[in-house]
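Have a look at the structure below, then the notes.
In the text below, chain A, chain B and the rest are named by the order of the sequence lines, each starting its count at 1. Everything numeric here is computed off the predicted structure, so don't read it as measured data.
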Number of protein chains: 2
Amino acid sequence: MVDEKPLRADARRNRARVLDAASAVFAEHGTAASTEQIARAAGVGPGTVFRHFPTKEDLLTAVYLDRLEHLAAQAGELATAPEPTAALRGFFRGAVEGSAAKNALAQALAGAGISPADAASGIGARLRAALGVLLERAQRDGGVRPELTVTDLMSLLIGASRATEPLAADPAARDRVVTVILDGLSASR
Amino acid sequence: MVDEKPLRADARRNRARVLDAASAVFAEHGTAASTEQIARAAGVGPGTVFRHFPTKEDLLTAVYLDRLEHLAAQAGELATAPEPTAALRGFFRGAVEGSAAKNALAQALAGAGISPADAASGIGARLRAALGVLLERAQRDGGVRPELTVTDLMSLLIGASRATEPLAADPAARDRVVTVILDGLSASR
DNA sequence: CGACAAACGGAGTGATCAGTCCGTATAGTC
DNA sequence: GACTATACGGACTGATCACTCCGTTTGTCG
């Protein structure tokens, strides 16, 4: 389905630069930031941005997928951790923490994969699967209420990210908020 | 500081219409919706929209304040409820539920009042105060962990709204997610 | 009812921005 | 080092949108 011709060295470099710049600019100025702004931040011309990402939406999607891939990789690594409940909690905290700085994680999650429609395809599915393993193991371990689904978990991740977004300046508050959610995850009394 | 001249009857009517339409359109199409679209929805000319709200931002702010006022009123009513913990939980559920339909509550909250800077002024302060009462009573009642602040609570409200945003189609899932957060609110085991 | 101020509708305007195009430059190859 | 395909920069374009302006309408008050 994919027939990736090898990109020229400069092309590959510029693509990465644009992606990084877009990630940063979107995070700081919101997704309404202009393409030209991103081009400037990346040190390339506007044309180059559009060559690699024909549409602004393509660029946004690429940024999101990048984030999701990181998350999926992290989740994957924890799939065989000795303490499933601690693993899930750690992952959750880490994901929220990480997204506090570059706050678009929530949008990334929300944009790519919650709705059943696209949940079946691509990276979204990978993340979903990896989270599913973490969740199920933690549930078997008795550390997470059994009725929760992967979608529930993803929703809570989104919620936690969004909730802590304005709290960037107050790590203690952020910690309290995440703790509330994590404690809520565990089996009810 | 305010010198409200009495508006003409039609002006007052149109202002309300525009506000309602804006609320609906923003909720459905996001805040990027054009002013003309709102004018059409309200059944007025674009000029009228701008006469009442000189800037698009003014319009957005007005919509937000409207929402916050409703919330503050609801919270105020519960200030003397016989069962403080149940009152807080009920308020929380209601707020999230309500925002599921017109999903901009989260932005409303986020936009107007989390940061200490503007927390001191206007409606944001009213809501904050009303929530403070609810929270403190529930904490005294032993139903909510004592270390949480009003800001924490507001953050969690935002988080819950955002988290359940994509779950509009699945009330059961929404319920599970909110329950997780509410149970997390209660004093830890 | 008549007169005046207040408000209305909607055509018009300038700015912004996503996306295109092409002459120039550079990486890869022999 | 020369040749070619690939990629680059940035001027350009068309569309969209926030906001303005003014001739017309409508509420209000004596």
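- Summary of the strand contacts: A:G43 and B:L7 both lie near DNA chain D, and taking for each the nucleotide with the nearest heavy atom, the more 5' one is attributed to A:G43.
- Checked for salt-bridge contact, B:D152 and B:R145 miss the test: no charged N lies under 4.0 Å from a carboxylate O.
- Picking from D:dC19, D:dC8, D:dT28 the nucleotide with the shortest atom distance to the side chain of B:F50 gives D:dC19.
- Both B:R12 and B:F53 lie near DNA chain D, and the one whose nearest nucleotide falls closer to the 5' end is B:F53.
- Atom CD in B:Q37 sits roughly 17 Å away from atom C1' in C:dG10 (whole-Å rounding).
- Between the C1' atom of D:dG27 and the CZ atom of B:R51 lies a distance of 14 Å, rounded to the nearest Å.
- Considering only heavy atoms from C-beta on, B:D20 stays 4.5 Å or farther from B:R17 through its side chain.
- Among the nucleotides C:dC8, D:dA18, C:dG28, the one closest to any side-chain atom of B:A11 is C:dC8.
- Closest to the side chain of B:K56, from the set D:dC8, C:dA18, D:dC19, is D:dC19.
- The distance from atom CZ of A:R40 to atom P of D:dG9 is 14 Å, rounded to the nearest whole Å.
- Of the candidate nucleotides D:dA18, D:dG9, D:dG10, D:dG10 has the atom lying nearest to any side-chain atom of A:P46.
- Regarding B:E36, its CD atom lies at a distance of 8 Å from the P atom of D:dC17, rounded to whole Å.
- Applying the 4.0 Å criterion to OP1 and OP2 of C:dC8, one finds that B:N14 has a side-chain N or O inside that range.
- Summarising the geometry, the separation between CZ on A:R15 and C1' on D:dA7 is reported as 14 Å, rounded to the nearest angstrom.
- Separating the NE2 atom of B:H52 from the C1' atom of D:dA18 is a distance of 17 Å, rounded to the nearest angstrom.
- Atoms CZ (A:R8) and P (C:dT26) sit 10 Å apart, rounded to a whole Å.
- Of the candidate nucleotides D:dA18, C:dA6, C:dG19, D:dA18 has the atom lying nearest to any side-chain atom of B:T35.
- Relative to the side chain of A:T55, the nucleotides D:dG9, C:dG9, C:dG19 differ in distance, and C:dG19 lies closest.
- With respect to B:V177, the side chain to side chain contact (heavy atoms under 4.5 Å, CB included) criterion is satisfied by exactly one of B:L182, B:D170, B:L167: B:L167.
- Atom CG in B:L60 sits roughly 15 Å away from atom P in D:dC17 (whole-Å rounding).
- A salt bridge is defined here as a Lys NZ or Arg NE, NH1 or NH2 lying under 4.0 Å from an Asp or Glu carboxylate O, and B:D10 with B:R15 fails to meet this definition.
- Inspection of the B:S155 and A:R174 side chains reveals no N or O donor paired with an N or O acceptor under 3.5 Å.
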